[in-house]
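Here the structure is laid out as structure tokens; the discussion comes afterwards.
When a residue number appears, it is its place in the shown sequence, counting from 1. Only heavy atoms go into these numbers, but all of them, side chains included; no hydrogens, no water, no symmetry mates.
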Amino acid sequence: MTDQPIYNSRDSRYKTPYGAVPSGTQVRFTLRPGRVEGFSRATLSARFESRGDQIESLPMLWSGLELDRDLFQGSLDTGDYVGLVWYSFLLERLDGGRQELGPYQLTVYQAEEVPSWFGEGMTYQIFPDRFLRSRVPDPAGMVGGRWVHQDWEELPEWRPDQRGEIRNRDFFGGTLRGITSKLARLASMGVTTLYLNPIFESASNHRYNTANYGKIDPLLGTEEDFRTLCRTAHELGMHVILDGVFNHTGSQSIYFNDDGFYPTVGASQSQDSPYFDWYSFHPWPSDYDSWWGIRTLPAVREDSPSYQRYIIDDEDAIIRRWLRCGADGWRLDVADELPDWFIEKLRTAVEETKPEALLI
């Protein structure tokens, strides 16, 4: 006997098609137990999580021998189902012996039409602060109490501060102009799509704690710099995808304004703030919902009408505005924590604004 396993979900000899499948796909499974193990019967059991954990059991038929292995095969029809399927196998011998395998996870998704420009080339991800800078910038007067490394080769500050917090307030000063200057080089490497981590004003170097969705972070550049980047990318046959962080904002933001940096009134300062109903306080202002309990990332209420107008619905809403500035699509951060109806509204706005845009 060899060391070949009875089942391997990552091998097309055992499962086809490979990986996640669109609904309506028939997934074929093959078990390969050793002949000497004497299994005479195999059963596939599938639990459809999104159908109230409905269970379907299917016999797997013996289909011959391959070297010293029995082959048992069976197919699962996903039909119109969308969601997770947890599947397992039961092998039985005539003497009552048995062996169970699993459970394994199968993702069944609703097939969507994807723009032809995406997926046919190479997608290149850029963390903007660390791509390229032309000089050491001065962060004075910017949100967040930032500081900039003088030496590009220094290590990022990863250790907790005196309060035990990892604040990510150290920057290296990469810019949008720096990215633009290397677009021809990226195109020569076969890159067809750029995916940029967040580029909007933010107190942290990763910029996932948005301070102002309507403004490019000043360390990165200006709106005109972004337009130039997109225009140059398009001339080179490339597309640009932005990172949309719509599950939460930063506590140091024009919307929450926990430290009072912005001259306008944020939700943490007054219940009369235009952004007050974006957040869930209990009670205001010291206790509020946040992403995974991280207080610098207050969670937004997607059901707030004013938040929906600001992000999606208005003519110049955030989703629409940056597409018109040249972006070709959005990747949604923690999309699994956004309501389905919110994503559906957002998709509609994307398609209305730029039909060939992509939403991930």
Side-chain angles (χ1 to χ4, degrees), residues 123-133 137 139 142-146 148 156 166-180 193-230 233 239-256 261-262 278 290-292 294 296-300 302 307 310-312 317-338 342-343 346 349-350 357-360:
T123 299
Y124 189 92
Q125 180 179 354
I126 291 179
F127 188 80
D129 182 60
R130 290 296 272 139
F131 187 76
L132 182 65
R133 74 182 181 192
M142 298 181 188
V143 66
R146 321 180 197 192
V148 176
I166 301 173
R167 296 177 61 80
N168 308 113
R169 301 305 163 87
D170 60 315
F171 287 75
F172 285 84
T175 64
L176 296 183
R177 289 187 180 186
I179 297 172
T180 302
T193 301
L194 294 180
Y195 158 45
L196 305 181
N197 287 116
I199 62 172
F200 304 122
E201 186 170 49
S202 172
S204 297
N205 53 34
H206 52 71
R207 298 187 172 95
Y208 280 94
N209 52 339
T210 312
N212 188 342
Y213 293 105
K215 182 181 179 182
I216 301 294
D217 191 281
L219 275 181
L220 289 175
T222 65
E223 180 177 317
E224 185 54 39
D225 290 333
F226 176 71
R227 289 177 179 269
T228 300
L229 187 157
C230 292
H239 293 77
V240 180
I241 298 174
L242 294 180
D243 211 327
V245 187
F246 304 125
N247 168 268
H248 51 269
T249 68
S251 58
Q252 291 177 286
S253 68
I254 196 171
Y255 318 108
F256 202 80
F261 174 83
Y262 293 93
W278 287 21
S290 59
W291 185 73
W292 284 43
I294 301 173
T296 56
L297 301 176
V300 298
E302 291 87 357
Y307 184 70
Y310 181 81
I311 297 294
I312 301 174
I318 295 302
I319 284 293
R320 302 174 189 270
R321 175 185 169 185
W322 293 107
L323 290 174
R324 294 192 182 105
C325 283
D328 300 291
W330 290 91
R331 173 263 175 187
L332 300 183
D333 183 50
V334 293
D336 59 314
E337 299 183 38
L338 294 170
F342 184 84
I343 296 177
L346 199 149
V350 168
L358 176 72
L359 180 67
I360 300 179

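- Counting heavy atoms from C-beta on, the side chains of Asp129 and Arg207 come closer than 4.5 Å.
- In this pair, Phe131 and Tyr124 present their aromatic rings perpendicular. The plane angle is above 60°, beyond the 30 to 60° band.
- To the nearest 0.5 Å, the span separating CD on Gln252 from OG on Ser204 amounts to 7.5 Å.
- Between the Arg177 side chain and the Thr175 main chain, no donor and acceptor come within less than 3.5 Å of each other.
- No side-chain donor-acceptor contact under 3.5 Å links Asn209 to the backbone of Leu297.
- Gly173 approaches Arg133 most closely through the heavy-atom pair O-CB, 3.0 Å.
- No side-chain heavy atom of Ile241 sits under 4.5 Å from any side-chain heavy atom of Leu194.
- In this structure, CZ in Arg130 is found 15.0 Å from NE2 in His206, a value given to the nearest 0.5 Å.
- Between Gln125 and Asn197 there is a side-chain heavy-atom pair separated by less than 4.5 Å.
- Atom OG of Ser253 is separated from atom OH of Tyr213 by 8.0 Å, given to the nearest 0.5 angstrom.
- Proximity of Leu220 to Phe226: side-chain heavy atoms (C-beta onward) are nowhere separated by under 4.5 Å.
- The closest side-chain heavy-atom distance from Ile179 to Leu132 is not below 4.5 Å.
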Go through the steps to decide whether Thr222 and Asp225 satisfy the test side-chain hydrogen bond (donor to acceptor under 3.5 Å, both in side chains), and finish with yes or no.
CA-CA 5 Å; Thr222 65; Asp225 290 333; 3.3 Å; yes
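- Heavy-atom minimum distance, Gly214 versus Arg321: O-NH1, 2.9 Å.
- In this structure, the separation between CG on Leu176 and CG on Leu229 is 6.0 Å, given to the nearest 0.5 Å.
- In this structure, CG in Asp243 is found 9.0 Å from OG1 in Thr210, a value given to the nearest 0.5 Å.
- Aromatic ring centroids of Phe246 and Trp330 lie under 6.0 Å apart.
- The minimum heavy-atom distance linking Leu242 with Ala327 is given by the pair CD1-CB, 3.8 Å.
- One N or O on the side chain of Thr228 and one on the backbone of Glu224 form a donor-acceptor pair closer than 3.5 Å.
- With contacts defined as side-chain heavy-atom distances shorter than 4.5 Å, the pair Asn247/Leu332 does not qualify.
- A search for ring-ring contact (aromatic ring centres under 6.0 Å, His included) contacts involving Tyr310 returns Tyr255, Trp278, not counting sequence neighbours.
- No donor-acceptor pair under 3.5 Å is formed between the side chain of Asp217 and the backbone N or O of Ile199.
- Closest approach of Val334 to His248, counting heavy atoms only: CG2-CE1, 4.4 Å.
- Taking the six-membered ring where the residue is Trp, the centroids of Trp322 and Phe200 are separated by under 6.0 Å.
- In terms of heavy-atom proximity, Asp328 sits nearest to His239 at OD2-CA, 3.3 Å.
- Remark: the Tyr208 side chain and the Asp333 side chain contain no N/O donor-acceptor pair separated by less than 3.5 Å.
- Under the 4.0 Å criterion applied to side-chain N and carboxylate O atoms, Asp170 and Arg146 are not assigned as salt-bridge partners.
- Here Ile312 contributes atom CD1 and Tyr307 contributes atom OH; the two are 8.0 Å apart, rounded to the nearest 0.5 Å.
- A pairwise comparison of heavy atoms in Met142 and Phe261 identifies C-CZ, 3.6 Å as the closest pair.
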